[in-house]
> 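For reference, the structure I am asking about is given below.
In what follows, every chain begins at residue 1, and chains take the letters A, B, ... in the order their sequences are listed.
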Protein chains: 2
Amino acid sequence: MTNKPATIKDIAKALNISVSTVSKALHDHPNIGAITKERVKAVAEKLNYSPNITAIQFKQQKTFTLGIIIPTLLDHFYTIAVNGFEKVATAAKYNVLIGQNQESLQREKELVSIMQSNRIDGLLIAISKETNNMEHLRKLEMAGIPVVFFARKPINETFSCVSSDVYHAAANAVDLFVSRGHKKIAFINGPSHWATSRDRFLGYRDGLLKHNIALDKQLIEESDLDTSSNYQVVRRLMHLSPAPTAMLLFKDYLMLDVMSCLRKEFPTEYPAIELIGYGALPLFSHFERPPLASLKEQPYEIGEQAGTLLLNMIQHPERDHKPQLISLPCTLHYFKEL
Amino acid sequence: MTNKPATIKDIAKALNISVSTVSKALHDHPNIGAITKERVKAVAEKLNYSPNITAIQFKQQKTFTLGIIIPTLLDHFYTIAVNGFEKVATAAKYNVLIGQNQESLQREKELVSIMQSNRIDGLLIAISKETNNMEHLRKLEMAGIPVVFFARKPINETFSCVSSDVYHAAANAVDLFVSRGHKKIAFINGPSHWATSRDRFLGYRDGLLKHNIALDKQLIEESDLDTSSNYQVVRRLMHLSPAPTAMLLFKDYLMLDVMSCLRKEFPTEYPAIELIGYGALPLFSHFERPPLASLKEQPYEIGEQAGTLLLNMIQHPERDHKPQLISLPCTLHYFKEL
DNA sequence: TTGTATGCGTTATCAG
DNA sequence: CTGATAACGCATACAA
């Protein structure tokens with residue numbers, strides 16, 4: 001049949017009443033008689049009526065849609081965050097539009113523009129590694145669409161952000177390394193313009209300080225998060241003398257590359273080297289020789305809290321929303337028995 | 001400032017011309033003068049005009065939005081399929097709404113209903129493992145919204161479906177096992193009401209037949225795809241005498257559980273057992289003791305083709321769209337040198 | 001070549 | 001308690 005969907009007009013006609021009465025009846029408006037309401041609802045049911053959301057969106061100037069932009073759906077940290085975000089969004093009757101920037105600023109701008117013309121009510125974003133300029137996001141804010149960052153945020157940018165407490169996590173990792181006798185603890189960090197990289201570094205530095213270990217710049221590297229760069233960095237570290245006996249890694253995905261590189265290119269040294277990453281990927285449980293540990297983050301909760309923050313900004317635009325920084329604790333997750 | 005976004009009205013007022021002229025000018029309508037077009041576009045630019053998509057959607061009775069429902073974003077097969085789907089959707093100027101049924105029929109129905117009231121123009125779906133009844137999807141079709149299945153489809157349902165050619169893949173896997181001397185080849189399948197399970201079985205059966213190996217029902221199991229079920233099934237197989245020396249597995253995620261179970265509970269037998277799954281997960285490249293092989297599927301291409309099919313149905317509703325079954329070849333991907 | 005008028009489905013305001 | 005009507009932004013048939 002593929003009939004056109006029924007509208008309130010059809011209901012009105014069927015009952016010989018006005019559309020406004022129908023509209024009110026369907027919304028249980030107080031000054032509509034109980035009998036009328038019932039009759040309207042019965043006909044609505046019979047005609048298989050379902051409100052035309054596009055009309056409502058248009059009329060209300062609200063889409064009840066939130067955007068979330070992440071680097072890639074292939075990283076479980078982000079997909080889990082999406083799930084947490086969707087939970088609070090759904091609970092508040094909002095839809096979620098997901099976009100992947102694929103670590104490209106260009107793509108990210110396109111996505112923001114598409115989402116803006118789709119009239120999203122708010123945006124949650126983990127910026128691409130290329131994103132060195134926040135114009136496209138400031139523009140959104142100017143247009144009255146709140147923006148919340150998560151996981152990644154440049155130093156000195158005044159947006160709200162929800163992320164992991166990577167500072168204390170790094171310090172804890174150093175504690176563990178030191179307690180296991182390590183002195184040459186290398187650190188491979190992520191992009192240095194991110195606050196979340198800087199905080200990892202500070203935690204690492206203060207952790208070493210606490211144990212009276214001098215900071216050795218040679219042991220600190222920065223990866224741009226692709227495999228060939230990761231291999232390069234490991235080679236550089238392993239050719240130091242003495243080479244590090246432990247490494248703190250920006251992310252578990254980086255740790256995977258580090259492990260592969262060590263296994264293939266430094267097989268004799270590898271067994272003595274201990275590694276700690278961030279993320280605690282479940283796949284390590286399938287490894288026969290897992291890394292020492294990983295700092296387990298809370299992506300689901302990060303998504304939830306970011307969503308709550310965003311909804312709050314949307315639902316109370318009149319309030320003054322100072323940028324907030326929220327960080328959720330990480331826990332050391334051991335893959336080996338100690 | 002958070003000014004209201006500019007509309008064509010504003011542009012018209014600024015130039016003292018009519019809205020229809022503006023509308024046409026912006027669309028490069030043939031019978032608008034070149035000078036007028038330029039002036040309109042200049043003002044549009046200056047006012048930072050961006051069309052109100054909600055109004056267009058409402059007016060055109062089309063949302064230019066496609067839905068895709070998958071079991072979970074945590075399975076890379078599906079996220080890659082989403083990417084392929086997004087590619088063709090984006091190229092055709094369509095947006096994509098992603099939903100996860102989390103293997104729940106209940107949730108799937110909710111998603112379909114939400115997407116329907118959001119007036120999606122078409123739906124691509126990999127049904128949940130609980131989905132034994134297609135009412136909610138038939139309803140969509142009745143409402144004129146085309147539906148295409150992918151990866152999973154019940155036997156005997158007349159929907160279009162794009163999936164892997166699992167039949168030949170299974171036969172190839174059996175060939176490889178036999179060439180390596182295996183005679184006791186177990187098979188752990190997925191839900192038996194899916195065509196994609198039945199086809200795997202047929203390929204397995206015909207593969208054995210070709211090599212004159214009798215089908216042994218004891219060697220055939222069905223998993224309901226959760227870890228504890230997977231462990232149970234492996235235990236049952238390993239307690240046969242003689243136990244199988246090779247196993248063909250419905251999916252790589254199942255293979256991961258099989259490997260863990262074998263490693264933990266059958267450590268002496270494990271090294272002699274060879275495994276082949278479906279999917280060729282990249283994570284196996286990080287394993288020191290990877291499985292024998294996996295049947296590499298083409299999720300990206302599956303997403304693309306399903307998207308193309310769907311767009312075709314949307315853009316040419318007048319044509320008669322008989323349900324099509326498309327299957328894309330798998331290739332044997334070896335993790336070990338043979 | 002440009003302008004005028006209409007309608008898409010809904011809600012809200014106001015009048016009865 | 002119910003009804004008539006305007007308005008949201010845009011595209012388009014039709015008029016000028």
Side-chain angles (χ1 to χ4, degrees), chain A residues 3-44 47-65 93 116-121 143-144, chain B residues 3-44 47-65 93 116-121 143-144:
Chain A
N3 277 324
K4 278 206 176 169
T7 70
I8 52 173
K9 252 185 206 167
D10 300 320
I11 301 179
K13 211 173 292 172
L15 288 170
N16 256 315
I17 58 179
S18 78
V19 286
S20 55
T21 307
V22 174
S23 174
K24 284 174 195 150
L26 290 172
H27 287 87
D28 272 325
H29 194 285
N31 47 12
I32 294 290
I35 351 90
T36 317
K37 279 185 191 170
E38 276 193 34
R39 295 207 308 148
V40 167
K41 286 180 184 171
V43 175
L47 295 183
N48 199 13
Y49 170 78
S50 132
N52 183 336
I53 299 221
T54 61
I56 296 175
Q57 290 182 347
F58 170 55
K59 171 80 173 140
Q60 314 268 286
Q61 310 278 46
K62 270 203 100 184
T63 58
F64 289 95
T65 299
K93 304 286 182 199
Q116 182 165 15
S117 58
N118 273 284
R119 299 291 201 268
I120 52 167
D121 295 330
Chain B
N3 278 324
K4 277 204 178 169
T7 71
I8 51 172
K9 248 186 210 165
D10 299 320
I11 301 179
K13 211 173 294 171
L15 288 170
N16 255 316
I17 58 178
S18 80
V19 286
S20 63
T21 307
V22 174
S23 174
K24 285 173 195 153
L26 289 171
H27 288 88
D28 272 327
H29 193 285
N31 47 14
I32 294 289
I35 351 90
T36 317
K37 279 184 189 169
E38 275 194 33
R39 295 205 309 147
V40 167
K41 285 180 182 171
V43 175
L47 294 183
N48 199 12
Y49 170 77
S50 133
N52 183 336
I53 299 223
T54 61
I56 296 175
Q57 291 182 346
F58 170 54
K59 169 84 172 124
Q60 314 267 288
Q61 308 279 47
K62 271 202 98 186
T63 58
F64 288 94
T65 299
K93 304 286 182 200
Q116 181 165 15
S117 58
N118 273 286
R119 298 291 201 268
I120 52 167
D121 295 330

> Whole-Å distance between C/dA5 P and B/K24 NZ?
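In whole Å, C/dA5 P and B/K24 NZ are 14 Å from each other.
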> Can you measure B/I32 atom CD1 to D/dA11 atom P for me and round it to whole angstrom units?
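Atom-to-atom, B/I32 to D/dA11, this comes out as 13 Å.
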> Taking atom C1' of C/dT11 as reference, at what distance in whole Å does atom NE2 of A/H27 sit?
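So the two atoms are 8 Å apart, to the nearest Å.
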> Below the 4.0 Å mark, does D/dA11 have OP1 or OP2 next to a side-chain nitrogen or oxygen of B/S23?
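Yes, such a contact exists.
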> Tell me: CD of A/E38 to P of D/dC1, nearest whole Å?
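Computing the A/E38:CD to D/dC1:P distance gives 14 Å.
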> To the nearest Å, how far apart are B/I17 CD1 and D/dC10 P?
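After rounding, the reported distance stands at 14 Å.
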> On DNA chain D, compare the nucleotides closest to A/Q60 and A/P30; which residue's is nearer the 5' end?
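Nearer the 5' end of the strand: A/P30.
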> By the 4.0 Å heavy-atom rule, please label A/N31 as base, sugar-phosphate, or nothing.
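Counting heavy atoms under 4.0 Å across all strands, the contact made by A/N31 includes a base.
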> At less than 4.0 Å, is any side-chain N or O atom of B/K59 found next to OP1 or OP2 of C/dT6? Yes or no.
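B/K59 to C/dT6 OP1/OP2: no side-chain N or O under 4.0 Å.
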> Describe the nucleic acid contact of B/T36 in one word from base, sugar-phosphate, nothing, applying a heavy-atom distance below 4.0 Å.
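The answer is sugar-phosphate, as B/T36 gets under 4.0 Å only of primed atoms, P, OP1 or OP2.
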> Under 4.0 Å, heavy atoms only, any strand: does A/T7 hit a base, just the sugar-phosphate, or nothing?
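Here A/T7 touches the backbone only, sparing every base.
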> Centroid distance below 5.5 Å plus an interplanar angle below 30 degrees: do A/F58 and D/dC8 meet both conditions?
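So A/F58 counts as stacking on the base.
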> What is the distance, to the nearest angstrom, from the CD1 atom on B/I56 to the P atom on D/dA11?
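From B/I56 CD1 to D/dA11 P: 5 Å.
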